[in-house]
Amino acid sequence: MKKFLTSLLAAAMATSAAAFTACSQSEKIDISKAKTLADLEGAKITAQAGTFHETARSQIKNVQGQLYDSFDDMYIALTSGAVDGYIAEEPTALSVCYKNKDLDYIHLVNNDTGFTASDEDTAIAIGSKKGSGWTERINPVLAQISTQNRMTLMEQIVRANADETIESFAVSNAAPDNTTGTLKVAMECAYAPFNWTQRTDANGAVPISSEGAENLYANGYDVQIAKYVANALGLQLEIYAAEWDSLITGVEAGTYDLIIAGMSPTAERRAVIDFTDIYYSSNLVVIYKK
């Protein structure tokens, strides 16, 4: 009997411990005071599936929660309380927090207090089909854009994403009087402030050429860079909205000429497509609800 009662008590304690653990994992963790990556241990932190952000997420010890397919889904999960935070590039955090004052982001520094990330992981460049020659044509164009103008453009884009009117972007040039062809550029059109979808041509937005996207426009940092490149090369710009996982296969198949979509030129991606010089760099951050 004593042995039976001891076993019963042990089972009950184990059940209680499991219930406590499950309860603890479901509770919201306040990450607002986090100063280092270690401070995020056990929190529900999500990231976009299929990106380097997913790899960065795995660096958080005992991380909880699930991955999401889009930034819109992560935003909803955060504002609804389903997650404690989500990983993004710092410009994304600036844009999101500028529009929603209930949100903020943790100021970590890559390879110091934050995620272990290479320069390629947190930089973005323009992708194209291997051997297509686009890299050689575009690099001289990108070289004309100063570091200061790149930073100013991002500040302007954050404001434009909040529906503020921008009279003139820091990175811009005149459209050619006559074009010699088209430049088909693919992006998600759903990754603000790099690219997003809007219903008007406000702030220099470009019509989306994808089937079923009539009367929709793309804007963002990537769009303005795409306009600058197309104008400099004397080409007519066409923007196509595509799922993230289909961007690389799209340029490989020749469906699109370029990927200008906040894409990092990682070694894995360089193995299958070409990349230009970097046109923006930033830190990885974690956005949270105050």
Under a 3.5 Å threshold, yes or no: a donor from one side chain and an acceptor from the other, between Thr152 and Asn149? no
When the side chains of residues 234-241 are checked against the rest of the protein, which donor-acceptor pairs come out under 3.5 Å, sequence neighbours left out?
residue	atom	partner	partner atom	Å
Glu238	OE1	Tyr240	OH	2.6

Pair Asp72, Ser70: side-chain N/O donor-acceptor within cut-off below 3.5 Å: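 Result is no, nothing qualifies.
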Answer with yes or no whether the side chains of His53 and Glu89 bring together a donor and an acceptor at under 3.5 Å.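 Yes, because at least one side-chain N or O of Glu89 sits under 3.5 Å from a partner of the opposite role on His53.
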Lys33 NZ: over 12 foreign heavy atoms closer than 6.0 Å: no
Residue pairs passing the salt bridge (charged side-chain N to carboxylate O under 4.0 Å, His left out) test where at least one lies in residues 210-228, sequence neighbours excluded: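 Every candidate salt bridge (charged side-chain N to carboxylate O under 4.0 Å, His left out) pair involving residues 210-228 fails, so no pair, neighbours aside, qualifies.
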Hey, what's the ring geometry for Phe71 with Tyr191, parallel, tilted or perpendicular (30° and 60° as the breaks)? tilted
Would you say CD of Glu164 has more than 12 non-hydrogen atoms from neighbouring residues, nucleotides or ligands within 6.0 angstrom? yes
Just do the side chain to side chain contact (heavy atoms under 4.5 Å, CB included) check on Ile124 and Met263 with the steps written out, would you? CA-CA 5 Å; Ile124 55 177; Met263 181 173 283; 5.8 Å; no
Can you tell me how far the CG atom of Asn110 sits from the CG atom of Leu284, to the nearest 0.5 Å?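 Answer for the CG-CG pair, Asn110 versus Leu284, is 5.0 Å.
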Quick test of your reading: applying salt bridge (charged side-chain N to carboxylate O under 4.0 Å, His left out), list the pairs with at least one residue in residues 184-199, sequence neighbours left out, ordered by first then second residue. none
Run Thr197 and Cys189 through side chain to side chain contact (heavy atoms under 4.5 Å, CB included) and show every step you take. CA-CA 5 Å; Thr197 299; Cys189 295; 3.3 Å; yes
Is the backbone N or O of Asp69 less than 3.5 Å from a side-chain atom of Gln48, with the two atoms forming a donor-acceptor pair by type?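 Such a contact is found between Gln48 side chain and Asp69 backbone.
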Is there side-chain contact between Ile106 and Val285, with at least one heavy-atom pair below 4.5 Å? no
Can you establish whether the number of heavy atoms outside Asn173 located under 6.0 Å from its atom CG is more than 12? yes
Enter the distance from Thr92:OG1 to Ile87:CD1 here, rounded to the nearest 0.5 Å. 12.5 Å
Given Asp274, which partner from the list Lys130, Lys129, Arg269 fulfils the salt bridge (Lys or Arg N to Asp or Glu O under 4.0 Å) test? Lys130
